[in-house]
Each structure stands twice: as structure tokens, then as C-alpha cells.
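Presented below is the structure to which this report refers.
Side chains are part of it too, since the values below use all heavy atoms of this structure and drop only hydrogens, waters and symmetry mates.
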Amino acid sequence: IERQAVLSSYEYRRRTVIERSTVPVVEGEEEVLGQLSISHFPLFLYLYSMAILKFRIYWEEDESIYRDVVIRHTQNFLQLHEAILKSFEFDNKHKATFFRSNDAWHYGREISVEKYDKDYKVEPLIMADTLIGSEIKDPNQKFIYEYDFNKNWHFMVELIQVDKEE
């Protein structure tokens, strides 16, 4: 898709949006991006070219225990899962899954390593097939990450920064 066509489409949709929120923009691009609605955040990532996402991963039991993970928006959730395992020095022997979340940390759509043997209201997305950028709907997007279903390790994953790759 050519950048000009995307910008024209974006401008048309931007003018029809009533509810808007301010998101960080690259210096000098304010005229192009201006105010972006939450529903256009994936488009913002596209316009940002190669967005670098910084997530803070908190252990649910103690928020003072956290790791910051930096990853490209074009990488998938399996790569984010592996980065989290490495940052907390966990092995890769246990099941894991992400859930989309909101500011109140409610469980949303599941994104798992594989389809597990359990009942689902909605089929899960598969980590290896799901790009991180496609699930970023909010500049402060949150996910819940569960690792080792027997020990029930729960982590809160929060997008804390978006940068443009130089």
C-alpha cells in the first residue's frame, strides 16, 4: 500500500471520528497524524513505519517485581512470550497464554501458544500467527500473561512506550 493512499484513507476516517484521544507523534508529523482515535491506533503504528514497543511486565503478586521488554510491532506474540520467559529466567516447558485486557484488567480474547484441551467461548488466536501490532488498540494497551497453569504465574503486561526505529 502506498503511503499517500493510506494517508488519504486515514484523513477521511479521521474527520468522521467524534471521540479522539491524543497519542505520541513523531516531531514534525503533527499535521499528518494530529489526533488519533483509539480505533486508528494500528494505523498509527503503520504510519510510524517500524514502531518499537516497550512493555512493562509486572508479576501479579508484587508489582515491584517487573521487567521491561522491547519488541517491534511486526513481531508476533510467540516472540513476546519468549522474551518474557528469558527476562524472568523461566524455562519453556510449560503452557502459556495471553489475554487482551483493558484498564480494569478484565480478561478479553485469548492468544495462546496452541489450542488447549478446554472449552472456549471464542477460539483463541495463536501466538505464532498473531502480530503484536495487530492487537494494539490503545496507546496504553494491556494484556494478561499466564505461564505454567499448574503454578498459576500471572503477569500484567502494559504498553508503556512507543518509539520510532531509527
Side-chain angles (χ1 to χ4, degrees), residues 1-3 5-6 9-10 21 23-26 33 36-60 65-166:
I1 299 176
E2 291 183 9
R3 187 176 173 99
V6 171
S9 172
Y10 165 74
S21 81
V23 295
V25 293
V26 177
L33 297 176
L36 291 174
S37 94
I38 296 294
S39 62
H40 290 120
F41 200 72
L43 179 62
F44 166 74
L45 291 176
Y46 173 79
L47 294 174
Y48 225 33
S49 295
M50 278 299 274
I52 302 297
L53 308 173
K54 184 176 184 178
F55 289 97
R56 179 152 292 162
I57 297 93
Y58 302 91
W59 182 37
E60 183 183 51
I65 299 173
Y66 68 88
R67 303 290 188 272
D68 288 346
V69 172
V70 177
I71 195 160
R72 289 182 179 87
H73 80 284
T74 55
Q75 291 181 271
N76 61 43
F77 276 87
L78 186 60
Q79 291 166 309
L80 178 58
H81 158 70
E82 291 166 350
I84 293 170
L85 292 180
K86 184 176 180 179
S87 71
F88 281 98
E89 299 181 7
F90 289 147
D91 58 40
N92 200 4
K93 297 178 184 176
H94 303 283
K95 295 179 180 180
T97 195
F98 288 93
F99 292 90
R100 262 192 239 140
S101 192
N102 58 19
D103 287 338
W105 296 104
H106 292 130
Y107 284 71
R109 181 87 184 260
E110 187 170 354
I111 307 165
S112 65
V113 174
E114 61 188 47
K115 187 175 178 208
Y116 299 120
D117 188 28
K118 67 178 190 176
D119 292 330
Y120 293 98
K121 289 182 182 178
V122 177
E123 290 292 311
L125 298 173
I126 303 302
M127 286 185 199
D129 300 333
T130 308
L131 297 181
I132 296 167
S134 71
E135 297 303 308
I136 304 293
K137 312 294 185 200
D138 182 318
N140 300 103
Q141 182 68 52
K142 294 174 175 59
F143 298 95
I144 298 169
Y145 175 70
E146 294 182 359
Y147 173 73
D148 190 347
F149 299 165
N150 293 325
K151 292 186 179 176
N152 286 320
W153 290 89
H154 291 110
F155 297 87
M156 315 323 255
V157 179
E158 183 174 4
L159 180 62
I160 59 170
Q161 188 175 339
V162 179
D163 286 322
K164 182 176 182 179
E165 184 175 49
E166 297 299 325

Subject >> side-chain hydrogen bond (donor to acceptor under 3.5 Å, both in side chains) contacts touching residues 50-60 (sequence neighbours left out) >> reply: R56-D68, E60-H154
Excluding sequence neighbours, so at least two apart, what forms salt bridge (charged side-chain N to carboxylate O under 4.0 Å, His left out) with [X]?
X    : answer
E123 : K115
E135 : R100
R72  : E165

Subject >> Contacts of Y147 that satisfy ring pair (Phe, Tyr, Trp, His ring centres under 6.0 Å) - sequence neighbours left out >> reply: F90, H94
Working to the nearest 0.5 angstrom, can you tell me the gap between [X] [atom1] and [Y] [atom2]?
X    : Y    : atom1 : atom2 : answer
L159 : D138 : CG    : CG    : 8.5 Å
L85  : K93  : CG    : NZ    : 12.5 Å
L53  : Q161 : CG    : CD    : 10.0 Å
I132 : I71  : CD1   : CD1   : 3.5 Å
S87  : F155 : OG    : CZ    : 8.0 Å
E110 : I144 : CD    : CD1   : 11.0 Å

Answer yes or no: is there a side-chain heavy-atom contact under 4.5 Å between [X] and [Y]?
X    : Y    : result
F149 : Y116 : yes
Q75  : L80  : no
Y107 : E146 : yes

Original post:
Once the angle between the rings of Y145 and F98 is folded into 0 to 90°, is it parallel (under 30°), tilted (30 to 60°) or perpendicular (over 60°)?
Top reply: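 It falls in the tilted class, 30° to 60°.
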Subject >> Pair W153-F88, side chain to side chain contact (heavy atoms under 4.5 Å, CB included): steps then yes or no >> reply: CA-CA 11 Å; W153 290 89; F88 281 98; over 6 Å; no
Original post:
What residues form a side-chain contact (heavy atoms from CB on, under 4.5 Å) with L78, not counting sequence neighbours?
Top reply: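 Once residues adjacent in sequence are excluded, the partners of L78 under the side-chain contact (heavy atoms from CB on, under 4.5 Å) criterion are N76, H81, E82, M127, A128.
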Original post:
If only atom types and distance count, is the side chain of T97 paired as donor or acceptor with the main-chain N or O of I111 below 3.5 Å?
Top reply: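 Indeed, once roles are kept as given, a pair shorter than 3.5 Å links the two residues.
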Subject >> Donor-acceptor under 3.5 Å (S112 side chain, I126 main chain) >> reply: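 The answer is no, because no donor-acceptor pair under 3.5 Å joins these two groups.
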**OP:** Write down the atom of L131, the atom of S134, and the distance for their closest heavy-atom approach.
**Re:**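 For L131 and S134, the tightest heavy-atom pair comes out as O-OG, 2.6 Å.
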Original post:
What is the minimum heavy-atom distance between Y120 and E114, and which atoms define it?
Top reply: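 Shortest heavy-atom separation between Y120 and E114 comes out as OH-O, 4.3 Å.
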Subject >> Between Y66 and E158: side-chain donor-acceptor atoms closer than 3.5 Å >> reply: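 Y66 vs E158: no donor-acceptor pair found between side chains.
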